[in-house]
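Report on one structure; see the data block that follows.
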Amino acid sequence: NIADGSTAWVRFALYISTNFAATANDIFNIFEWQTSGTIEACISLQITATTDVVEISAADGIAASSGWTYLSKGVWHVIEGMLTCSTGAVGVLDLYVDGARVLNLTSQDHSGAITDGVFGTQDTAATTNAGYLLGDEFAFDDTRLAITHRFHTHRLITKSSFLFMGPGQIDNVKIVDGGSGDVIVQIYDTDVYSASLTPIWTDRTNSANTNVDAADVPISCHRGCLAIVSGTLPGVILNIGWGAGWGSDGAIRTYAATRKAAPGGI
């Protein structure tokens with residue numbers, strides 16, 4: 001809820017595939033602030049059929065009609081929206097793209113406190129029928145969340161975990177034995193787990209309370225990095241050297257658009 005006179009922020013990452021296209025002009029929302037089903041404000045996308053150019057804007061009401069900012073395809077963008085709810089025509093709606101404010105609307109008037117937020121495409125025309133949109137890293141708070149790094153560079157995991165999606169590198173692996181003498185870690189180059197996969201790297205502890213600091217590093221992954229951990233009280237410290245992330249310029253490239261199926265369809 002965003003009460004009358006209160007301010008709240010939303011943030012999400014957005015990826016537009018390089019083949020996203022339409023056969024007729026289309027404006028549709030990707031986020032809506034609603035009051036019991038009534039759209040009070042929105043963040044909209046516009047695609048032009050003749051060029052397939054995609055733009056973003058925001059508006060007080062059901063859809064944006066002006067104030068458009070170009071969004072490049074094939075890269076991740078960080079989208080932020082700030083809304084000050086007001087039933088007295090003093091509301092504010094700001095839109096940020098990759099850290100920069102691109103729209104500032106003032107004197108906004110709302111019918112009541114905001115009760116719902118709707119994330120995802122709304123009323124997309126049937127003629128917008130090629131390619132795809134990806135959303136990630138959605139967050140909502142009463143203060144600006146801003147841009148964050150997509151992946152931590154230093155992680156201690158105690159159970160099997162995906163470390164990142166897309167290309168990246170593990171600079172170091174340290175296996176911390178919990179007293180069993182049999183802690184095992186396996187690294188897979190994948191974004192979807194399958195029991196038929198073969199690890200690209202594995203190591204283990206052989207005696208109780210003996211830690212193992214890997215020597216055969218770095219470890220490079222192309223699709224993603226999955227660490228499978230087993231043993232009693234296991235612990236593995238991994239240093240992530242580089243990986244796909246959210247950059248303030250919105251130019252961090254992703255493997256998604258050109259991804260090809262691996263053997264076995266993974």
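What you see is a predicted model, and the numbers here were worked out from it, not measured in a lab.
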4.5 Å side-chain heavy-atom contact, W201 and V173: yes
Separation of I2 CD1 from S86 OG (nearest 0.5 Å): 12.5 Å
Close side-chain approach of L95 to I79, heavy-atom, < 4.5 Å: yes
Same apolar cluster (I L V M F W Y, side chains within < 4.5 Å links), L197/F162: yes
Intermediate values then yes/no, side-chain contact (heavy atoms from CB on, under 4.5 Å), T158 and V229: CA-CA 7 Å; T158 57; V229 181; over 6 Å; no
Short side-chain to backbone donor-acceptor contact, S161 and K159, under 3.5 Å: yes
Any side-chain heavy-atom pair of L83 and H110 under 4.5 Å: yes
Output side-chain donor-acceptor pairs under 3.5 Å for residues 100-108, partner residues at least two apart or in another chain, one line each.
| residue | atom | partner | partner atom | Å |
| --- | --- | --- | --- | --- |
| R101 | NH1 | D94 | OD2 | 3.4 |
| N104 | ND2 | D94 | OD1 | 2.5 |
| Q108 | NE2 | T106 | O | 2.6 |

Interatomic spacing from NE2 in H77 to CD1 in I56 - rounded to 0.5 Å: 9.0 Å
Minimal non-hydrogen separation, V10 against F31, with atom names: CG1-CZ, 3.7 Å
Minimal non-hydrogen separation, L14 against I30, with atom names: CD2-CD1, 4.0 Å
Heavy-atom pair of closest approach, residues S72 and I16: O-CD1, 4.5 Å
Under 3.5 Å donor-acceptor, S57 side chain and S44 backbone: no
Aromatic plane relationship, W9 with Y96 - under 30° parallel, 30 to 60° tilted, over 60° perpendicular: tilted
Distance, nearest 0.5 Å, that separates CH2 of W68 from OG1 of T48: 9.0 Å
Heavy-atom side-chain contact between I170 and V217 under 4.5 Å: no
Hydrophobic cluster membership, V97 vs V92, 4.5 Å side-chain cutoff: no
Between SG on residue C42 and CG on residue N29, distance to nearest 0.5 Å: 4.0 Å
Interatomic distance, I219 atom CD1 to L238 atom CG [nearest 0.5 angstrom]: 8.0 Å
Exam field: side chain D60 to backbone A41, donor-acceptor pair closer than 3.5 Å: no
Derivation and outcome, side-chain contact (heavy atoms from CB on, under 4.5 Å), residues T121 and L133: CA-CA 9 Å; T121 58; L133 303 174; 3.7 Å; yes
Passing candidate, side-chain hydrogen bond (donor to acceptor under 3.5 Å, both in side chains) with T128, options D52, N25, D26, T23: D26
Common cluster, F138/M82, ILVMFWY with side-chain heavy-atom separation under 4.5 Å: no
Criterion side chain to side chain contact (heavy atoms under 4.5 Å, CB included) against W33, the qualifying member of T38, I43, D116: I43
Exercise: identify the closest heavy-atom pair between Q34 and I114: O-CG2, 3.4 Å
Candidate pair L163 and I157, rule side-chain contact (heavy atoms from CB on, under 4.5 Å), full reasoning: CA-CA 9 Å; L163 302 177; I157 62 172; 4.3 Å; yes
Side-chain donor-acceptor contact under 3.5 Å, N172 with D213: yes
Neighbour count above 12 (heavy atom, 6.0 Å) for I228 CD1: yes
Transitive ILVMFWY side-chain link F140 to I39, under 4.5 Å: no
Audit row: I187, V185, side-chain contact (heavy atoms from CB on, under 4.5 Å) steps and yes/no: CA-CA 7 Å; I187 302 295; V185 60; 4.3 Å; yes
I175 to V183 - nearest heavy-atom pair and separation: CG2-CG1, 3.6 Å
Gap separating the CZ atom of F20 from the CG atom of L45, nearest 0.5 angstrom: 7.0 Å
Within 6.0 Å of CG in D123, more than 12 heavy atoms from elsewhere: no
For A24 against T127, the heavy-atom pair lying closest together: CB-OG1, 3.6 Å
Residues N19 and S17: side-chain donor-acceptor under 3.5 angstrom: yes
